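Working notes, beginning with the structure itself.
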Amino acid sequence: MVGEMLKKFFKKIFSNIFGQKRELKMGFYGPPNAGKTSLANRICKDFTGEEMGSVSKVPHETRSVQFKEKVEISYKGKKMTFKMIDTPGIATKIDYEDFLKFKMKKKDAKTRAKEATQGIVESIKWLDDVDIVVIVLDATENPYNQVNITIVGNLVARKIPVLIVANKIDLRKANIKKIESAFPEYDVVGISARYGKNLEEFYESIFKLAKKI
Ligand SMILES: Nc1nc2c(ncn2[C@@H]2O[C@H](COP(=O)(O)OP(=O)(O)OP(=O)(O)O)[C@@H](O)[C@H]2O)c(=O)[nH]1
Ligand SMILES: [Mg+2]
């Protein structure tokens, strides 16, 4: 308890002294296939010219945590530096047979399932070491599920500031309102990571979120 308070105290002093120079750790969390890597890639491309990781329609494409350091995001004259942390999608159940419909060989599907499971463990471990979290949800999917509730609950318990992104708003089925009603106490920003839609509002919200630390 005292240790925790001291840690917070020094963190605050440290960030006051170094102001905006401190690198904030921004974790991208969410279920598989929601567009975490697509969003992380877009941000990195915009501000560093390089991408972070590979994107695929096959779920569990990201199976180990990926980093990009010193990404300086500038928006409307403001600047902040982030360490971006793209995490493997979190799922309650991974069945290798689900990968077979993507024309994957049985052996590869089994390997993918095993790696995806290890990836989830790694994602959860990293929750201890992030400053802010962007939860990326596919706005065409039902937001009321165990995975989302578990992720949000975990972050609330750790008092980590959260922004919820409703991704894939370019698709007709996308429903931002449903995500807003599922998580009424959070800021929800509708974007399309693939087409770069509404990123301005996303950056605005990130700066607002960073102030909460
Ligand atoms: N229509 C549409 N598709 C998108 C959008 N963002 C991502 N996708 C697609 O969704 C699929 C998954 O994208 P990823 O970025 O790999 O998703 P992820 O959350 O990193 O997935 P995992 O690494 O498996 O956890 C890919 O086929 C993307 O092209 C979007 O804004 N609109
Ligand atoms: Mg990914």
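What you see is a predicted model, and the numbers here were worked out from it, not measured in a lab. First listed ligand is number 1; within each ligand, the first listed atom is number 1.
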### Query
Can the positive tip of K36 be found less than 6.0 Å from the middle of the six-membered ring of F28, inside 45° of the ring normal?
no

### Task
Mind checking ring pair (Phe, Tyr, Trp, His ring centres under 6.0 Å) for Y96 and listing every partner two or more places apart, or none if nothing turns up?
none

### Task
Taking only heavy atoms of the protein into account, state which residues are under 4.0 angstrom from an atom of ligand 1, in chain and number order.
P32, N33, A34, G35, K36, T37, S38, V55, S56, K57, P59, H60, E61, T62, G89, N167, K168, D170, L171, S192, A193, R194

### Query
Can you name the residues that form a side-chain contact (heavy atoms from CB on, under 4.5 Å) with S54, not counting sequence neighbours?
E61

### S54 backbone or side-chain N/O/S under 2.8 Å from the Mg ion (ligand 2)
no

### Query
Would R158 and D128 count as a salt bridge (charged side-chain N to carboxylate O under 4.0 Å, His left out) if you check the C-alpha gap in whole Å, the side-chain angles of each, and the deciding distance to 0.1 Å?
CA-CA 8 Å; R158 291 164 199 254; D128 278 335; 2.4 Å; yes

Donor-acceptor pairs are to be reported for all side-chain atoms of residues 115-124 against protein atoms at under 3.5 Å, with residues two or more places apart or in another chain.
{"residue": "E115", "atom": "OE1", "partner": "R63", "partner atom": "NE", "Å": "2.7"}
{"residue": "E115", "atom": "OE1", "partner": "R63", "partner atom": "NH2", "Å": "3.2"}
{"residue": "T117", "atom": "OG1", "partner": "A113", "partner atom": "O", "Å": "2.8"}
{"residue": "E122", "atom": "OE1", "partner": "V65", "partner atom": "N", "Å": "3.2"}
{"residue": "S123", "atom": "OG", "partner": "P88", "partner atom": "O", "Å": "2.9"}
{"residue": "S123", "atom": "OG", "partner": "G119", "partner atom": "O", "Å": "3.2"}

### Query
Checking only N/O/S atoms, does S38 have one that is under 2.8 Å from the Mg ion (ligand 2)?
no

### Query
Distance-only, no hydrogens or angles: does the E72 side chain make a donor-acceptor pair with backbone N or O of K70 under 3.5 Å?
no

### Message
Tell me whether Q146 at atom CD has more than 12 heavy atoms from other residues, nucleotides or ligands lying less than 6.0 Å away.
### Response
no

